[in-house]
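Since the structure comes first, as structure tokens, the remarks are kept for the end.
The structure presented is a predicted model; accordingly, all values stated were derived computationally and were not measured. Just so you know, ligand 1 is whichever comes first in the structure, and atom 1 is the first atom listed for that ligand. The analysis underlying the following values was restricted to heavy atoms, covering all of them including side chains, and did not include hydrogens, waters or symmetry mates.
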Amino acid sequence: MKKPSKKQMLEKGIHELYRENPEQADKAIFGRTTNPVSRRGFLTGLSTMGAVLGAEVVFGRFMPGGLIPAAFAETTEKFRIAGKHAGLIILNDRPVNAEVPAHLLNDLVTPADKLFVRNNGLPPENVDVNNWTLTIGGESVKTSKTYTLAELKKKFTHHTYQLTLECGGNGRVEFDPPAKGNQWGLGAVGCAKWTGVRLRDVLKDCGIKDDAVYIGYHAADEHLTRNPDKEAISRGVPMHKALEDESLIAWSLNDEEIPAMNGHPLRLVFGGWPASTSGKWLTGISIRNIVHDGAKMSAPAYRIPCEPVAPGTKVAAEDMCIIESMPIKSMVTFPKSGVKHALKDEFSANGHAWVGDKTVEKMHVSIDFGQTWQEVKISKPVNRNAWQHWQAKVKFPQAGYYELWAKATDSDGVSQPMILPGWNPKGYLNNACHRIAIQVV
Ligand SMILES: Nc1nc2c(c(=O)[nH]1)N[C@H]1C(S)=C(S)[C@@H](COP(=O)(O)O)O[C@H]1N2
Ligand SMILES: [Mo]
């Protein structure tokens with residue numbers, strides 16, 4: 001087998017690396033060969049590992065070369081991200097990516113420990129909140145300014161909104177032919193309460209030139225290769241989205257500090273748009289006179305074919321369009337799939353529904369594989385770009401195996417497809433109906 005390059009190794013997960021070549025993996029991750037220990041690289045590796053495990057690796061210096069930490073080696077489920085619920089499903093450890101099983105997303109407001117994690121690079125360590133700054137620049141800013149966190153909090157009015165964040169790749173696992181990338185199931189979505197200042201207020205304080213078309217963010221996380229000239233990700237939104245009331249520069253999630261993995265101490269939040277636009281560990285914003293051209297802005301990243309294509313089609317870069325407002329979607333968060341239910345009892349189910357910049361108008365459920373649909377109650381959103389909640393009461397005709405299917409319809413009358421929607425090369429925007437299994441006895 002050909003030895004992977006250091007760069008290739010750094011861009012893979014720990015399991016894959018150790019499977020392929022444990023010695024090389026050890027070198028890449030811990031910066032050491034078996035002996036002697038390369039002190040500096042080794043210690044950086046260990047502190048990263050500690051942050052991910054949620055505990056210091058106390059006797060780390062004695063750990064033999066070529067060994068994968070048992071917390072990772074046994075089963076990915078056992079490794080736990082600091083501050084996150086033990087039930088999260090870890091999809092990758094480098095970068096850290098974790099989703100939330102549907103039944104753990106039942107809260108109306110997603111708690112911090114149940115908000116998914118999607119990292120493209122290596123999060124900053126030893127964040128110094130007191131010296132954290134945000135610089136507004138770019139071709140289309142009138143006066144470039146730098147604010148400390150304290151200045152942001154003092155100078156601008158605070159706003160709080162509940163905002164739905166969903167990764168553009170949520171649901172990717174179902175696409176066929178499969179798409180590369182994190183194989184997200186359903187749980188790369190959440191709707192927490194965010195507090196901060198309006199992006200608009202800060203941009204206006206600097207002045208926006210007439211030729212402004214886009215904003216792009218810059219952040220403190222490092223590229224997987226640790227190459228300082230490369231950004232892990234630097235995306236953005238067009239001016240009209242940047243200037244909306246609900247577009248925030250936030251420092252707080254559910255009235256607490258933002259968890260380390262979700263962007264502490266400062267991040268952008270654009271509800272209803274691919275969460276990749278919501279830059280974490282925010283240090284800069286460029287007001288651009290072109291569509292922002294930062295890392296992961298160009299095709300195929302976060303783009304879909306401008307016109308639908310047959311599954312498996314190769315699509316040229318110029319025929320790929322940037323994903324903006326997210327499509328209509330819903331999920332069943334109670335009960336958990338596989339539930340046993342007594343025929344004589346009333347069956348209750350509930351969940352959430354959401355749709356980018358629109359609202360959810362109607363919600364339906366089916367227990368006969370979509371032959372008939374029953375309309376159920378759906379709440380109004382607490383604010384724009386917040387998910388809504390539905391509740392269903394269902395009667396089953398007899399004992400047996402059933403599936404509950406849930407389908408939302410938006411304010412334009414668009415509803416979710418029952419099976420996979422348009423195939424696209426990177427597996428984005430799967431908004432097929434969610435279904436759970438029920439055994440009625
Ligand atoms: N700086 C930075 N911001 C980022 C990312 C990242 O890797 N680095 N990932 C993006 C992507 S692809 C998603 S889906 C969301 C995930 O936000 P969360 O991890 O807080 O759930 O953050 C976005 N913002
Ligand atoms: Mo994402």
> Between the side chains of Asn262 and Lys84, is a donor N or O closer than 3.5 angstrom to an acceptor N or O?
Replying inline: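 Side chains of Asn262 and Lys84: pair found under 3.5 Å.
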Atoms in ligand 1 flagged as close to [X], the criterion being non-hydrogen separation under 4.0 Å:
| X | value |
| --- | --- |
| Ala219 | 1 (N) |
| Asn119 | 7 (O) |
| Gly279 | 3 (N), 24 (N) |
| Val117 | 19 (O) |

> Should we count NZ of Lys145 as having more than 12 external heavy atoms under 6.0 Å?
Replying inline: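 Check passes, neighbour count above 12.
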>> How about CZ on Phe334, more than 12 heavy atoms from neighbouring residues, nucleotides or ligands closer than 6.0 Å, or not?
In response: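 Check fails, neighbour count at 12 or below.
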>> Which option wins on minimum heavy-atom distance to atom 14 (S) of ligand 1: Ala275, Pro274, Ala220, Gly190?
In response: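 Shortest heavy-atom distance from atom 14 (S) of ligand 1: Ala275.
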Heavy atom of [X], distance to ligand 1 below 4.0 Å:
| X | result |
| --- | --- |
| Arg235 | no |
| Ala232 | no |
| Leu165 | no |

> Which protein non-hydrogen atom lies closest to atom 7 (O) of ligand 1, naming both residue and atom, and how far is it?
Replying inline: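 Protein heavy atom with the smallest distance to atom 7 (O) of ligand 1: Asn120 N, 2.6 Å.
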>> For atom 24 (N) of ligand 1, what's the nearest protein heavy-atom neighbour? Residue, atom name and distance, please.
In response: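 Result: Ser278 O, 3.0 Å.
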